[in-house]
2 protein chains.
Amino acid sequence: MQIGELAKRTGCESETIRYYEREGLLPAPARSSSGYRRYEQPHLEQLAFILHCRSLGMPLADIRLLAGFHQQPAAEPCDRVNALIDQQISRVHSQIEALQKLEIQLQQLRARCDSPHTLADCGILKTLDDAATGEACACHDAS
Amino acid sequence: MQIGELAKRTGCESETIRYYEREGLLPAPARSSSGYRRYEQPHLEQLAFILHCRSLGMPLADIRLLAGFHQQPAAEPCDRVNALIDQQISRVHSQIEALQKLEIQLQQLRARCDSPHTLADCGILKTLDDAATGEACACHDAS
DNA sequence: TGCAAACCCTGTAGCTACTATAAGGTCAAG
DNA sequence: CTTGACCTTATAGTAGCTACAGGGTTTGCA
């Protein structure tokens, strides 16, 4: 199949497929006489593997490693696979924690301006300005 | 003060300060005879304002807008300020939700390989492979 | 046969918010 | 007078694409 059909079947844009090839995540496929890429079933599976990992937020470098484990002797222990997943879990977990703190801070800032004001009276701008002059701010000090 | 001292006082690297100037977030300061940037108190406050907004995860484009409200007539209503904060809250909120789903999926994937295995037996790799061939996967179908 | 639409190709630049480097100028202390 | 710490600009790199520009190919239709 051509790149466009692979794209349609996987829901991944052609340009992204070419990008994965450049990045060494997808093997370069055979070419037609006019230079068009010709993909077979294994390419589709490899791409689906990549997209599935991406949907789990894995970085491309990790996916490259994961994909590499297929080429290794099957008797090798899989602890490095587990380590990659564990890393990803802890990355995601700490992002969640950081964002939750952020949300609280933003809510506190937002509460400074609950009714319509002018710019001069806006509690939000005032709070941001106060923070800029070194004073305590609702968003960061209330924690 | 020179850029290095501004950097030290704000905890922001000199290169980042120059970057903010290029991006139009900080006004270009006066220069010494040898071309060194000379900052005054207002620059410090403006930079602190920017950094405070950044610590709330606001994109630079929004901070540019927020900073612009200082130059506008103080009698203007502040609803656009509120809108920016609300946008940021909803961005952060949906990021949290997406990451929480992700974490669940990753935990489910991780549970596929709880004891030491070989690559051939690794439930994680197997699950990822199954997904690539179109089968149901523990991480995405269990939701 | 001619032409247009829908494909495909490569190469390059853009996005966010920095960070890092190279290659050089300036300034104060010893 | 030299050393080291500062400063300057310009450029390239980071992640993971996305969006061109400028061309070639293929297919279908009149």
Side-chain angles (χ1 to χ4, degrees), chain A residues 1-26 28-40 43 46-47 49-67 84 87-88 91-92 95 98-99 102, chain B residues 1-26 28-40 43 46-47 49-67 84 87-88 91-92 95 98-99 102:
Chain A
M1 79 196 92
Q2 294 187 166
I3 197 170
E5 197 185 335
L6 181 59
K8 204 176 299 171
R9 284 212 215 170
T10 55
C12 175
E13 303 225 354
S14 301
E15 321 228 297
T16 306
I17 296 172
R18 284 191 280 257
Y19 171 71
Y20 288 159
E21 182 183 325
R22 276 202 304 284
E23 292 299 304
L25 285 152
L26 271 177
R31 299 284 185 130
S32 74
S33 58
S34 57
Y36 288 14
R37 287 171 180 82
R38 294 235 154 269
Y39 293 100
E40 309 295 334
H43 292 105
Q46 174 85 350
L47 179 55
F49 178 89
I50 295 169
L51 294 175
H52 189 231
C53 292
R54 283 297 297 138
S55 80
L56 293 169
M58 310 277 300
L60 295 184
D62 286 7
I63 298 173
R64 219 187 315 261
L65 290 177
L66 278 179
L84 284 179
Q87 261 176 44
Q88 176 65 6
R91 262 195 304 259
V92 167
Q95 276 176 36
L99 286 170
L102 219 52
Chain B
M1 81 195 90
Q2 293 190 166
I3 198 170
E5 198 186 335
L6 181 60
K8 205 176 298 168
R9 284 212 216 169
T10 55
C12 175
E13 303 224 355
S14 302
E15 322 228 298
T16 306
I17 296 173
R18 283 190 280 257
Y19 171 71
Y20 288 159
E21 182 183 325
R22 276 201 305 282
E23 292 297 304
L25 285 153
L26 271 177
R31 298 286 184 129
S32 75
S33 58
S34 57
Y36 287 16
R37 289 172 179 82
R38 293 234 154 272
Y39 293 99
E40 309 296 334
H43 291 104
Q46 174 85 349
L47 180 54
F49 178 90
I50 296 168
L51 293 175
H52 189 230
C53 292
R54 283 296 298 136
S55 79
L56 293 168
M58 310 275 302
L60 294 186
D62 287 7
I63 299 174
R64 220 187 314 260
L65 290 177
L66 278 179
L84 285 178
Q87 262 178 43
Q88 175 66 6
R91 261 196 306 260
V92 167
Q95 276 176 36
L99 287 170
L102 218 53

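Chain naming here is simple, since letters A, B, ... match the order of the sequence lines and numbering starts at 1 in each.
Nearest heavy-atom pair, A:Leu60 versus A:Tyr20, reported as atom, atom and distance to 0.1 Å: CD2-CE2, 3.9 Å. Closest approach of A:Leu25 to A:Gln46, counting heavy atoms only: O-NE2, 3.1 Å.
The phosphate of C:dC18 has OP1 or OP2 within less than 4.0 Å of a side-chain N or O from B:Tyr20. Between B:Arg31 and the phosphate of C:dT26, there is no side-chain N or O to OP1/OP2 separation shorter than 4.0 Å. Residue B:Arg37 has a polar side-chain atom (N or O) positioned under 4.0 Å from OP1 or OP2 of D:dT9. In this structure, B:Ser34 does not reach the D:dC7 phosphate: none of its side-chain N or O atoms is under 4.0 Å from OP1 or OP2. Residue A:Arg18 places at least one side-chain N or O closer than 4.0 Å to OP1 or OP2 of C:dC9. Applying the 4.0 Å criterion to OP1 and OP2 of D:dG16, one finds that A:Thr16 has every side-chain N and O outside that range.
Minimum atom distance to the side chain of B:Leu60 is reached by C:dA17, of the listed C:dA17, C:dC27, C:dC8. Across D:dG16, D:dT8, C:dC18, the shortest atom-to-atom separation from the side chain of A:Arg54 is found for D:dG16. Listed nucleotides C:dC8, D:dT26, C:dT26 differ in distance to A:Ser33; the shortest reach to its side chain belongs to D:dT26. Considering only side-chain atoms of B:Glu13, the nucleotide from C:dA17, C:dC7, C:dT19 that sits closest is C:dT19. Listed nucleotides: D:dT8, C:dC8, C:dT19. Nearest to the side chain of B:Tyr19: C:dT19. With C:dT21, D:dC17, D:dT25 as the choices, the nucleotide that has an atom nearest any side-chain atom of B:Glu15 turns out to be C:dT21. The side chain of B:Ile3 sits closest to D:dT8 out of D:dT8, C:dG25, D:dT25.
At distances below 3.5 Å, at least one donor-acceptor pair connects side-chain atoms of A:Arg64 with backbone N or O atoms of A:Glu23. Proximity of a side-chain donor or acceptor of A:His52 to a complementary backbone N or O of A:Phe49 within less than 3.5 Å is not detected. Formation of a donor-acceptor pair under 3.5 Å by the B:Arg91 side chain with backbone atoms of B:Gln95 is not found in this model.
B:Gln2 comes within 4.0 angstrom of sugar-phosphate atoms only, judged by non-hydrogen atoms across all strands, and of no base.
As a whole-Å value, the separation of A:Glu5 CD from C:dA6 P is 18 Å.
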